[in-house]
Amino acid sequence: MGRRRRRERGEVVAEQVGGGVAELVADPERPRAWSLLIDGAPQSHVDLDDPAHLSFAYQRRLGHVVDLAGPPGRPLQVVHLGGGAFTLARYTAATRPRSTQQVVEVDEALVRLVRERLPLEPGARVRVRTGDARAGLGRVPDDWADLVIADVFAGARTPAHLTSTEFLGEVRRALRPGGTYTANLTDGPPLSYLRAQVATAAAVFPELALSADPAVLRGRRFGNAVLVASDVPLPVAELTRRIAGDPFAGRVEHGRALADFTGGAAPVTDANAKDSPAPPAEVFA
């Protein structure tokens, strides 16, 4: 059973879920907006009155990918690996009405909590399945998705089996020709994991881009990076323009600069895959 308490910054709903203690923290500046934290780590932010509002910098960057994944307003078929509070599914439904979306989230208790406290719009064509992300991806028909979004964390780390060339081969199988894959990745100095993830994607997709805070790309601090991949040229110029104009401006690397960024890192396979690095304790302090 969940419990409520009051904090200076607003109401908090706390409940034990599969991945730890989930907290829904009321946003004092938006009447029906909430942040989702798992064991103190921020996961999602949702505004029920304005689902097109994206608060977190990395979610804004993923939102730009949604915007550029097809002509403006055209419905898409989207697979979300990792559900959280369904922020990007809500965003897609609001900005691309009649989109058909599948969400795969392993934490059944979290899904129940989000459905109860932060219900989806009744008309949203969003199907939520509980289960492992890779297994759920395996059930997606060939060439079905216009867009696959991976934002999967367990204990603030991406599980190893979602970091390999074999996993990305499954992503490419599920994508239509010309479709887009995007993933939220996290790493810090010396960026060994992030470099290897770019090399892994390059082994499966011919076109790549990577966006992040410049300090993260320089290896100065731990943070998020958004990878974008496709079998056709990406709209890099427009993506760069949008990300540079965000409240927390980011940088986009692509082409030769991104290849150089990998520093000769080898692609990851199922045989040698590891969980993403744990964030330093001070990140969520």
Side-chain angles (χ1 to χ4, degrees), residues 58 61-62 64-65 68-69 78-82 104 132-154 157-212 216-219 223-236 239-240 250-277:
Y58 87 87
R61 292 165 191 158
L62 290 171
H64 295 320
V65 177
L68 297 173
V78 185
V79 176
H80 301 263
L81 303 178
V104 184
D132 174 76
R134 186 159 165 178
L137 178 64
R139 290 193 287 271
V140 176
D142 293 0
D143 302 332
W144 184 86
D146 297 297
L147 176 63
V148 175
I149 302 174
D151 188 8
V152 185
F153 289 86
R157 305 177 72 178
T158 298
H161 68 298
L162 305 178
T163 68
S164 66
T165 53
E166 291 90 343
F167 164 69
L168 290 183
E170 274 293 287
V171 170
R172 187 158 184 182
R173 176 198 60 76
L175 283 170
R176 291 175 173 173
T180 303
Y181 170 68
T182 188
N184 176 34
L185 309 173
T186 57
D187 198 10
L191 299 181
S192 301
Y193 172 80
L194 186 57
R195 298 182 202 278
Q197 285 302 289
V198 174
T200 303
V204 179
F205 292 95
E207 302 290 335
L208 302 177
L210 184 72
S211 66
V216 173
L217 291 175
R218 295 189 189 108
N224 300 80
V226 170
L227 177 68
V228 189
S230 183
D231 62 351
V232 298
L234 295 164
V236 172
L239 183 65
T240 300
R251 194 174 83 211
V252 177
E253 296 286 10
H254 65 99
R256 172 49 56 187
L258 185 55
D260 291 344
F261 173 82
T262 65
V268 176
T269 67
D270 280 346
N272 60 14
K274 298 179 181 178
D275 294 352
S276 66

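Note that the structure is predicted; figures quoted are calculated from it, not measured.
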Can you tell if the side chain of [X] reaches within under 4.5 Å of the side chain of [Y], non-hydrogen atoms only?
| X | Y | answer |
| --- | --- | --- |
| Val104 | Leu137 | no |
| Thr186 | Pro277 | no |
| Val232 | Glu207 | no |
| Val226 | His64 | no |
| Pro177 | Asp143 | yes |
| Thr200 | Phe167 | no |

Next item on the list: Given side chain to side chain contact (heavy atoms under 4.5 Å, CB included), test Val268 with Asn272 step by step and report yes or no.
Entry: CA-CA 6 Å; Val268 176; Asn272 60 14; 3.6 Å; yes

Margin query: Does Arg61 form a side chain to side chain contact (heavy atoms under 4.5 Å, CB included) with Asn224? I'd like the steps, not just the answer.
Written below: CA-CA 10 Å; Arg61 292 165 191 158; Asn224 300 80; 5.6 Å; no

To the closest 0.5 Å, what do you measure between [atom1] ([X]) and [atom2] ([Y])?
| X | Y | atom1 | atom2 | value |
| --- | --- | --- | --- | --- |
| Gln197 | Ser164 | CD | OG | 8.5 Å |
| Asp270 | His161 | CG | NE2 | 9.5 Å |
| Asp142 | Glu170 | CG | CD | 8.5 Å |
| Ser230 | Leu147 | OG | CG | 10.0 Å |
| Asp151 | Leu162 | CG | CG | 11.5 Å |

Next item on the list: Measure the acute angle between the ring planes of Tyr181 and Phe205, then classify it against the limits of 30° and 60° as parallel, tilted or perpendicular.
Entry: parallel

Notebook entry, point to check: For Gly179, does its backbone N or O pair with a side-chain atom of Asp146 as donor and acceptor, under 3.5 Å?
Noted result: no

Write down the atom of [X], the atom of [Y], and the distance for their closest heavy-atom approach.
| X | Y | value |
| --- | --- | --- |
| Val79 | Trp144 | CG2-CZ3, 3.7 Å |
| Ala199 | Pro267 | O-CG, 3.8 Å |
| Leu81 | Ala133 | CD2-O, 3.6 Å |
| Leu185 | Tyr193 | CD2-OH, 4.4 Å |
| Gly219 | Pro189 | O-CG, 2.9 Å |
| Ala160 | Thr163 | O-OG1, 2.7 Å |

Item checked: Residues Phe153, Asn184; criterion side chain to side chain contact (heavy atoms under 4.5 Å, CB included); working and verdict -> CA-CA 9 Å; Phe153 289 86; Asn184 176 34; 3.4 Å; yes

Note to self: If you apply the rule side chain to side chain contact (heavy atoms under 4.5 Å, CB included), what do you find for Leu234 with Leu239, and how did you get there?
What the structure shows: CA-CA 9 Å; Leu234 295 164; Leu239 183 65; over 6 Å; no

Margin query: Given Leu210, which partner from the list Leu194, Val252, Thr262 fulfils the side-chain contact (heavy atoms from CB on, under 4.5 Å) test?
Written below: Leu194

Margin query: Once salt bridge (Lys or Arg N to Asp or Glu O under 4.0 Å) is applied, do any residues pair with Glu253, and if so which ones, sequence neighbours excluded?
Written below: Arg251

